[in-house]
2 protein chains.
Amino acid sequence: MRSASRDDLNARARIRDAALTRFGKDGFGVSVRAIAEEAGVSPGLVIHHFGSKDKLRAVCDEHVRQVITDTKTASVVSHDPQGFLHTMSRYEEYAGVLGYIIRSIQSGGELGRHLFEMMVVDAEGYLARGVEEGTIRPSREPEKRARWLAANSIGSILVLISTSRPDAEIDFQRVLRDWQREYMLPALEMFTEGLLTERTMLDAYLLYLGDPPEESH
Amino acid sequence: MRSASRDDLNARARIRDAALTRFGKDGFGVSVRAIAEEAGVSPGLVIHHFGSKDKLRAVCDEHVRQVITDTKTASVVSHDPQGFLHTMSRYEEYAGVLGYIIRSIQSGGELGRHLFEMMVVDAEGYLARGVEEGTIRPSREPEKRARWLAANSIGSILVLISTSRPDAEIDFQRVLRDWQREYMLPALEMFTEGLLTERTMLDAYLLYLGDPPEESH
DNA sequence: CAATACATTAAACGACCGTTTAGTCCGCTG
DNA sequence: CAGCGGACTAAACGGTCGTTTAATGTATTG
């Protein structure tokens with residue numbers, strides 16, 4: 001029976017981890033053969049253990065979900081406005097998971113959508129707390145603001161990856177460090193000082209929405 | 001000699017346009033056979049006219065470059081802070097080009113980098129003009145701010161596409177309309193009113209950079 | 001020890017890919 | 001009209017892909 005669970009897990013888990021890192025580094029188009037090679041096994045064994053490439057990806061998705069809920073890194077917009085994945089990026093051990101997450105969002109899978117929604121509700125909670133405490137300005141549409149901030153954070157990272165040197169080995173930790181070095185200042189500037197000196201555009205848009213600005217004149 | 005230029009262009013151009021739309025809709029992994037079918041020709045003819053799939057893509061890249069410089073839609077962050085491609089999205093005829101551009105940025109090709117850099121310098125110019133006119137607040141790092149704004153604009157669109165319903169026929173005009181409907185208000189709010197009520201974070205970061213805030217106390 | 005179960009592999013299968021080949025058709029030239 | 005060149009196609013080639021098959025080794029079980 002399921003005695004030598006060490007061997008069992010070692011085989012399956014090694015393939016799963018190999019899939020995780022290669023999916024993360026090369027995208028989901030990577031071949032089963034490449035994953036097998038990374039794990040040091042034959043391509044056939046990959047299918048034997050997981051049934052198909054799609055099911056292997058599903059197992060990876062579930063594994064990442066689990067890691068995230070376990071480590072509570074769901075608190076992902078975290079307690080500074082510097083981005084979203086930086087919390088996780090501090091821990092070397094999650095480097096592989098990090099790449100997989102970004103690929104998932106980039107490729108528009110089920111997991112990607114799920115993670116994005118998690119980040120949105122997380123950001124929403126964090127922003128609401130800040131508004132209560134008086135450190136963050138209230139918004140007319142708090143949920144949309146949270147969604148916009150999350151989309152901007154992740155999106156700017158995606159662009160940074162896409163526009164960085166060819167493809168050759170993307171180091172996600174380095175990407176996040178670059179993001180911080182490049183964008184931290186303008187982001188903080190924008191968040192504390194704003195961009196526009198006049199409120200004519202906002203007021204005009206609010207009027208357009210049928211929500212006239214400050215009727216109290 | 002090169003007499004019947006109408007036939008020549010019709011054949012080649014039909015394949016090029018078919019490639020443009022299919023590359024845009026399905027990504028650059030789409031098969032030569034699918035492109036040939038869309039153009040109503042045989043797969044062999046595609047290679048006959050363009051030499052290889054990669055060269056076909058290069059021709060598409062060049063074509064898009066040309067369209068952009070022709071229509072001056074390089075002015076792409078345009079004269080409101082609502083995004084970047086909205087200018088172009090108004091013209092039905094550029095729908096195909098629009099999808100191709102977004103795919104290019106998403107996939108990190110040469111053209112994508114080039115377009116992003118164009119948007120950055122464009123945004124920089126627009127922001128500088130605004131600062132001169134007094135409508136836009138000055139920045140300590142104008143180039144980085146422009147880059148950050150451009151990355152956020154494009155990036156949030158990429159995320160919107162990735163997290164929208166499965167894949168089934170992405171309508172980029174619709175995506176841009178959705179972007180505006182969803183994010184216009186929080187973006188304008190942020191741009192005119194900021195996010196934070198205190199400047200402690202910014203000041204702390206400036207201090208960290210060795211650029212102490214407001215020495216004039 | 002014989003039997004069973006399963007991890008594991010090498011090899012092959014069939015599908016699809018980009019591309020090549022060999023040929024047909026057709027309009028132009030001389 | 002003969003001949004030539006290029007647009008165009010059907011078919012095939014070689015490669016890679018995900019997956020299947022058949023076989024081997026090995027450890028556990030009765």
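Fair warning: this is a prediction, and the values are worked out from it, not measured in the lab. A, B, ... follow the sequence lines: proteins, then strands. Residue 1 opens every chain.
Looking only at atom types and distance, the side chain of A:Asp61 has a donor-acceptor partner in the side chain of A:Tyr100 under 3.5 Å away. A donor-acceptor contact closer than 3.5 angstrom is absent between the side chains of A:Gln180 and A:Arg177. Inspection of the B:Trp148 and A:Ser156 side chains reveals no N or O donor paired with an N or O acceptor under 3.5 Å.
Rounded to an integer number of Å, the gap from B:Asn10 CG to C:dG27 P is 15 Å. What separates CZ of A:Arg22 from C1' of D:dG18 is a distance of 17 Å, to the nearest Å. As rounded to whole Å, 17 Å separates atom C1' of D:dG18 from atom CZ of A:Phe28. Rounded to whole Å, atom P of D:dA10 lies 13 Å from atom CD of B:Glu37. With rounding to whole Å, B:Arg57 atom CZ is found 16 Å from C:dG18 atom C1'. With rounding to whole Å, B:Arg12 atom CZ is found 14 Å from D:dG6 atom C1'. Taking atom CD1 of residue A:Ile35 and atom P of nucleotide D:dT19, one finds them 10 Å apart after rounding to whole Å.
Picking from C:dT9, C:dT20, D:dT19 the nucleotide with the shortest atom distance to the side chain of B:Ile47 gives C:dT20. Closest to the side chain of A:Pro43, out of D:dT19, C:dT19, D:dT9, is D:dT19. Out of C:dA10, D:dC8, C:dG18, the shortest distance to the side chain of B:Leu45 is found at D:dC8.
Residue order along DNA chain D, read from the 5' end via each residue's closest nucleotide, puts B:Ile15 first among B:Ile15 and B:Arg33. Comparing B:Asp54 and A:Ser42 by the nucleotide of DNA chain C whose heavy atom lies nearest to each, the residue mapping closer to the 5' end is A:Ser42.
Note on A:His49: a side-chain N or O is less than 4.0 Å away from OP1 or OP2 of C:dT8. Within the 4.0 Å cut-off from OP1 or OP2 of D:dC8, not a single side-chain nitrogen or oxygen of B:His48 is found. Contact annotation: B:Ser31 reaches the phosphate of C:dC17 (side-chain N/O to OP1 or OP2, under 4.0 Å).
As judged by a 4.0 angstrom heavy-atom cut-off over every strand, B:Val30 is placed among residues touching the sugar-phosphate backbone only.
For the pair A:Arg137 and B:Glu193, the tightest heavy-atom approach, listed with the atom from each and the gap, is NE-O, 2.6 Å.
To the nearest 0.5 angstrom, A:Arg147 atom CZ is 6.5 Å from B:Glu182 atom CD.
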